[in-house]
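The sequence lines fix the lettering, A, B, ..., with proteins before strands; numbering per chain opens at 1. Quick note: numbers below take in every heavy atom, side chains included, and nothing from hydrogens, waters or symmetry partners.
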Amino acid sequence: MDAQTLLDWYDANARAMPWRVPPVTDPMASSSTNRRADPYSVWLSEVMLQQTTVAAVRDYFIKFTTRWPTVTDLAAAPDEDVMAAWAGLGYYARARNLLKCAREVTARGGRFPDTEAELLTLPGIGPYTAAAIAAIAFDLPAVVLDGNVERVMARRHAVVEPLPDSKQTLRALAASHTPQVRPGDYAQAVMDLGATICTPRNPACGICPWMSECEGRLAGIATELPRKRPKKAKPVRHGTAYFARRPDGAELLETRPPKGLLGGMLALPSTDFSDDPQPAPPLEANWQIAGEVRHTFTHFHLILTVAVATSAATPERGLWVEAANPDDLPTVFAKALRLARSHR
DNA sequence: GATACGTGGAA
DNA sequence: TTTCCAAGTAT
């Protein structure tokens with residue numbers, strides 16, 4: 001059976017990860033002794049892994065589980081602590097939804113639901129994450145369909161229709177492979193395959209456990225699958241960030257509005273990011289230009305001018321803080337803060 | 001269905 | 001330097 005081939009490969013090649021329980025390869029061990037990762041670890045890791053690499057997630061996962069060992073601990077954390085801990089990982093709506101979800105689960109008794117349908121109702125849990133938690137934490141035969149599985153299925157069955165049009169076709173193919181036995185390990189196996197062998201560029205077809213049945217490889221088109229619609233060009237936008245320092249050394253920061261770009265994150269007061277940003281200094285001062293920061297977001301390039309000033313004036317917005325930690329800010333503002341501090 | 005939403009590493 | 005892209009979700 002196809003799935004068994006992947007499970008055998010996974011048993012021999014599963015990568016160690018802080019949130020993962022290694023597969024039980026002892027043939028005497030029954031499924032009842034096959035330990036599962038706890039739902040909190042699975043949920044937290046899967047949310048962090050949304051559009052994010054394993055390498056980037058690892059240290060954040062350890063930081064979060066050390067500081068907040070259970071979903072109830074996380075639910076009790078102040079918003080600003082969680083947002084600061086998430087700083088640098090990106091897609092900050094995930095952190096806002098993480099807290100909402102932790103608080104909902106805690107209000108329901110502190111246990112994650114064990115069905116896809118119930119998981120899907122929680123904030124920040126979409127079709128992929130609901131299936132992943134059902135499979136990995138509860139060993140249910142949910143159809144896990146992420147970018148890895150889409151790529152593996154497109155190649156395995158030589159699907160030439162471009163994404164996202166082919167999404168439902170790929171989902172049906174993924175469902176056709178999902179086994180009733182060890183579905184949780186299978187889900188991780190097929191994603192590991194995509195991450196390590198069936199990679200976007202230069203796939204290692206020669207050592208692939210599905211080498212002999214891969215229609216894409218047999219047709220010589222595996223590497224060019226899955227096809228995707230061309231992406232739009234990113235426009236360049238501009239803005240100014242203001243770094244105000246008080247004579248006693250305090251620095252002026254502000255929390256951004258709760259929605260939209262970098263929503264809810266600690267930041268330097270700044271203009272909007274647009275073609276023609278309007279000046280918006282948080283206080284009257286002799287502003288000087290420290291330099292520029294260039295940063296690329298998902299859908300635009302930003303050229304951010306960094307202005308600095310020393311003043312004891314009362315700001316129109318923001319909050320004086322004694323010692324801001326750049327690592328508590330989104331990367332673009334961490335860059336701006338470091339540049340501003342280096343300006344004499 | 002289209003768009004908004006981060007970041008850093010690889011080629 | 002530029003482009004691509006990684007275990008997606010919300011609206």
Side-chain angles (χ1 to χ4, degrees), chain A residues 15 17-20 37 41-61 83 86-98 100-101 119-133 135-137 142-152 162-168 171 174 184 187-196 198-202 223-224 226 228-237 256-265 267 273 293-302 327 329-335:
Chain A
R15 297 183 297 167
M17 298 178 194
W19 50 86
R20 176 175 280 180
S41 295
V42 175
W43 164 71
L44 180 61
S45 62
E46 290 300 340
V47 171
M48 287 182 166
L49 286 163
Q50 288 166 8
Q51 297 289 285
T52 309
T53 58
V54 168
V57 165
R58 183 171 276 110
D59 289 348
Y60 282 88
F61 178 84
M83 300 311 286
W86 195 277
L89 196 54
Y91 283 140
Y92 298 99
R94 292 185 297 171
R96 303 194 297 270
N97 286 327
L98 192 80
K100 283 185 198 168
C101 182
L119 288 163
L120 209 41
T121 67
L122 291 167
I125 297 182
Y128 163 73
T129 305
I133 295 171
I136 298 170
V143 179
V144 171
L145 188 66
D146 71 337
N148 286 309
V149 182
E150 288 176 350
R151 183 171 60 256
V152 169
L163 281 166
D165 312 63
S166 58
K167 182 113 177 170
Q168 291 315 312
R171 176 173 293 283
Q188 295 174 90
V190 66
M191 288 191 284
D192 265 24
L193 185 75
T196 62
C198 196
T199 50
R201 284 173 291 212
N202 302 315
T223 302
E224 48 192 272
K228 295 183 180 180
R229 296 281 181 67
K231 297 181 168 66
K232 292 182 180 174
K234 294 183 203 296
V236 177
R237 296 184 187 171
R256 291 176 63 85
K259 291 183 177 179
L261 188 73
L262 312 178
M265 297 299 292
F273 304 151
V293 164
R294 287 168 188 271
H295 190 81
T296 298
F297 293 99
T298 308
H299 52 296
F300 65 94
H301 301 287
L302 175 66
D327 292 337
L329 278 53
T331 299
V332 62
F333 285 113
K335 289 182 189 173

Which nucleotide in the set dA6(C), dT3(B), dC5(B) lies at the smallest distance from any side-chain heavy atom of Lys232(A)? dT3(B)
Under 4.0 Å between any heavy atoms, over every strand shown, what does Arg20(A) touch: base, sugar-phosphate, or nothing? Just pick one. base
Give me the distance, rounded to whole Å, that separates dG6(B) from dC5(C) when you measure between the C1' atoms they each carry. 13 Å
Is there a side-chain contact between Arg229(A) and the phosphate of dG1(B), meaning an N or O under 4.0 Å from OP1 or OP2? no
d(CZ, Arg94(A); P, dA6(C)) in whole Å: 15 Å
Heavy atoms only, 4.0 Å cut-off, all strands: where does Met265(A) land among base, sugar-phosphate and nothing? nothing
For DNA chain C, whose closest nucleotide is more 5', that of Thr129(A) or that of Lys228(A)? Lys228(A)
With distance as the sole test, does Thr199(A) use its side chain to make a donor-acceptor pair with the main-chain N or O of Thr196(A) at under 3.5 Å? no
From dC4(C), dT7(B), dG8(C), nucleotide with atom closest to Gln50(A) side chain: dG8(C)
Going by atom types alone, do Tyr128(A) and Gln50(A) pair a side-chain donor with an acceptor below 3.5 Å? no
Minimum-distance nucleotide to His299(A) side chain [options: dG8(C), dA4(B), dG6(B)]: dA4(B)
For Gly88(A), answer base if it contacts any base atom (sugar-phosphate contacts may also be present), sugar-phosphate if it contacts only those atoms, and nothing otherwise; contact means non-hydrogen atoms under 4.0 Å. sugar-phosphate
Heavy-atom nearest nucleotide on DNA chain B taken for Leu262(A) and for Asn202(A); more 5' hit belongs to Leu262(A)
Selection from dT7(B), dG8(C), dA11(B) that lies nearest to any side-chain heavy atom of Arg201(A): dA11(B)
When you check the phosphate oxygens OP1 and OP2 of dG6(B), does a side-chain N or O of His295(A) lie under 4.0 Å from one of them? no
Starting from the 5' end of DNA chain C, give me the residue, His301(A) or Gly147(A), whose nearest nucleotide shows up first. His301(A)
Taking dC5(B) as the reference, what is the distance to dA6(C) when you measure between their P atoms (whole Å, please)? 22 Å
What does Thr331(A) touch in the nucleic acid at a heavy-atom separation under 4.0 angstrom: a base, only the sugar-phosphate, or nothing? sugar-phosphate
Between dC5(B), dA2(B), dT7(B), spot the one nearest the side chain of Leu261(A), thanks. dC5(B)
Candidates dG6(B), dT9(C), dA6(C) - which lies nearest the side chain of Tyr91(A): dG6(B)
According to a strict under-4.0 Å criterion, is Thr52(A) in side-chain N/O contact with OP1 or OP2 of dA6(C)? no
Check: His299(A) ring centre within less than 6.0 Å of Phe297(A) ring centre: no
Backbone N/O of Gly194(A) and side chain of Arg151(A): donor-acceptor pair under 3.5 Å: yes
Main-chain N/O of Arg15(A) paired with Arg20(A) side-chain donor or acceptor, under 3.5 Å: yes
Can a side chain N or O of Gln51(A) be found less than 4.0 Å away from OP1 or OP2 on dG8(C)? yes
Under 3.5 Å side-chain donor-acceptor pair for Thr52(A) and Arg94(A): yes
Could you tell me whether Pro164(A) contacts a base, only the sugar-phosphate backbone, or nothing, with contacts defined as non-hydrogen atoms closer than 4.0 Å? nothing
Does Lys234(A) have a side-chain nitrogen or oxygen under 4.0 Å from the phosphate oxygens OP1 or OP2 of dT2(C)? no
Interatomic distance where CG belongs to Leu89(A) and P belongs to dG9(B) [whole Å]: 13 Å
Which is true for Gly194(A) with a 4.0 Å heavy-atom rule: it touches a base, it touches only sugar-phosphate, or it touches nothing? nothing
Remember a base hit wins even if backbone is also touched, and classify Val54(A) as base, sugar-phosphate or nothing at under 4.0 Å, heavy atoms. base
With a 4.0 Å cut-off on heavy atoms, is Arg15(A) in touch with a base, just the backbone sugar-phosphate, or nothing at all? base
